Amino acid sequence: MELTVHLFGITRDITRKSRHTVVLEEGSSVQDLLRRFYTEYPELEGLKSLVVAVNDEYAEPTQVLNIRDEVALIPPVSGG
Amino acid sequence: MELTVHLFGITRDITRKSRHTVVLEEGSSVQDLLRRFYTEYPELEGLKSLVVAVNDEYAEPTQVLNIRDEVALIPPVSGG
Amino acid sequence: MIAVTDQPIDIQACLDAVQSERAGAVDVFIGTVRNHNNARSVVRLEYESFDSMAIRKMTELAEEAARRWPVEKIAIVHRKGVLSIGDVAVVIAVATPHRAESFEACRWVIDTLKQVVPIWKKEIYDDGEEWLEAHP
Amino acid sequence: MIAVTDQPIDIQACLDAVQSERAGAVDVFIGTVRNHNNARSVVRLEYESFDSMAIRKMTELAEEAARRWPVEKIAIVHRKGVLSIGDVAVVIAVATPHRAESFEACRWVIDTLKQVVPIWKKEIYDDGEEWLEAHP
């Protein structure tokens with residue numbers, strides 16, 4: 001399945017993209033998605049944290065992804 | 001000596017005056033002044049507290065009063 | 001800015017007064033007239049102030065807050081006279097470099113103001129009136 | 001009122017939004033752009049927001065605050081885009097019956113917002129730039 005992942009802040013700077021399309025096997029998890037990003041952009045390993053949001057909610061690493069999910073990488077937030 | 005005492009809030013209501021002139025002996029203290037008020041207006045005894053301000057500062061009961069002092073009765077404050 | 005006023009408090013003026021390039025945080029406390037107190041329905045309030053001493057005490061609060069916390073700027077403004085439900089009675093604005101100290105200083109100022117500043121509040125109800133805190 | 005905006009935050013609108021006859025206290029936190037951070041001179045800031053999720057998380061904060069404290073009304077507004085020194089980045093206004101709970105709820109909201117709301121701050125210095133909190 002093909003997923004378009006939204007990128008913000010430093011992840012946008014590292015990837016030089018605000019969206020990145022990833023092709024994953026059916027049944028892939030949040031962890032699988034993150035592994036793919038770390039392989040493609042090793043600089044992401046240097047971040048204090050990196051989590052995934054699915055449909056505007058923080059997702060557990062084991063959560064299985066669906067083709068209709070809206071997915072985003074969330075580097076450490078710093079609002080306020 | 002003759003002192004004019006400023007009255008506020010409930011002390012103004014009890015005495016029905018915003019200023020009250022008191023004649024005291026030279027060397028009288030804040031405590032002497034309060035005693036005079038309690039004698040003249042026994043209803044003041046019902047207050048939660050009653051202190052005296054001299055020249056815009058809270059005064060100790062033993063402080064000696066001077067004819068040039070600006071004196072006020074301070075019932076319990078309730079600003080804010 | 002330290003003031004006791006019989007005019008409506010201009011909150012934006014309080015904020016402008018504490019504007020500082022070195023401050024990253026402003027905490028503002030706004031005390032307003034509630035429509036009830038201790039289960040009684042409040043019609044209006046009257047605040048009376050011993051102005052000269054109130055200003056002196058509020059100035060001392062500002063100075064003491066600046067000793068205890070890294071305060072860049074502070075505003076303390078209290079209304080007096082007749083107030084209706086919803087009217088602003090007091091505004092305290094404290095600008096500090098970081099947020100924790102703005103909250104702490106602002107709360108200390110309002111808590112201490114209520115104990116030491118010679119201002120008195122009378123609540124007027126449907127069926128009577130009362131000077132707050134006067135009796136045990 | 002819950003919002004993320006690329007326009008200057010209207011603080012008076014936030015105050016109007018939390019006006020309540022049952023509230024006696026409003027605590028307002030205003031986060032502004034400081035001219036320095038960690039001893040570096042800040043030229044400007046850029047805030048980026050994942051809007052849909054930010055609004056969702058801010059709404060959850062408002063709901064959770066109302067469960068923990070007797071909140072009458074609450075406003076949470078965050079700015080995004082390019083900000084200059086002195087600009088307002090965030091406003092949180094909490095109206096409650098009494099003052100203690102307005103301070104507690106407001107502080108909890110800003111503290112938690114900084115941990116969970118997907119908004120990112122880049123500081124631009126004379127000699128470089130940095131996404132805050134990004135690296136260990």
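The model shown is predicted, which means the values in this text are computed figures rather than measured ones.
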Measure the spacing between [atom1] of [X] and [atom2] of [Y] and express it to the nearest 0.5 Å.
X	Y	atom1	atom2	answer
B:Leu47	C:Glu133	CG	CD	12.0 Å
C:Glu129	B:Asp13	CD	CG	7.0 Å
B:Ile10	C:Glu48	CD1	CD	11.5 Å

Using a cut-off of 6.0 Å, state whether more than 12 heavy atoms not belonging to [X] lie near its atom [atom1].
X	atom1	result
B:Glu25	CD	no
C:Arg40	CZ	yes
B:Arg68	CZ	no
B:Arg19	CZ	no
B:Glu45	CD	yes

Under 4.5 Å from any heavy atom of chain B - which part of [X]:
X	result
C:His78	side chain
C:Phe50	both
C:Lys122	side chain
C:Lys57	side chain

Selection from B:Glu70, B:His6, B:Arg12 maximising heavy-atom pairs under 4.5 Å formed with chain C: B:Arg12
For chain C, the option from B:Ser78, B:Pro75, B:Gly79, B:Ser49 that forms the most heavy-atom pairs under 4.5 Å: B:Ser78
Between B:Ile14 and chain C, which part of the residue has a heavy atom less than 4.5 Å away: side chain, backbone, both or neither?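 Neither part.
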Please classify the contact between B:Asn55 and chain C as side chain, backbone, both or neither, with a heavy-atom cut-off of under 4.5 Å. backbone
Top residue by heavy-atom pair count (under 4.5 Å) with chain B, among [options]?
options	answer
C:Ala89, C:Ser52, C:Ala54, C:Ser49	C:Ser52
C:Val116, C:Ile110, C:Ile92, C:Val90	C:Val116
C:Leu113, C:Ile55, C:Leu132	C:Leu132

Taking every non-hydrogen atom, the tightest pair across C:Tyr47 and B:Gly80: OH-O, 2.7 Å
For C:Ala134 and B:Pro76, which heavy atoms make the closest approach, and how far apart are they? O-CG, 3.7 Å
Determine, stepwise, if the pair B:Ile74 / C:Trp120 fulfils side-chain contact (heavy atoms from CB on, under 4.5 Å). CA-CA 10 Å; B:Ile74 309 287; C:Trp120 298 272; 3.8 Å; yes
Output, in order, the C-alpha distance, side-chain angles, deciding distance and verdict of side-chain contact (heavy atoms from CB on, under 4.5 Å) for C:Glu60 and B:Glu57. CA-CA 11 Å; C:Glu60 287 175 9; B:Glu57 199 48 82; 3.2 Å; yes
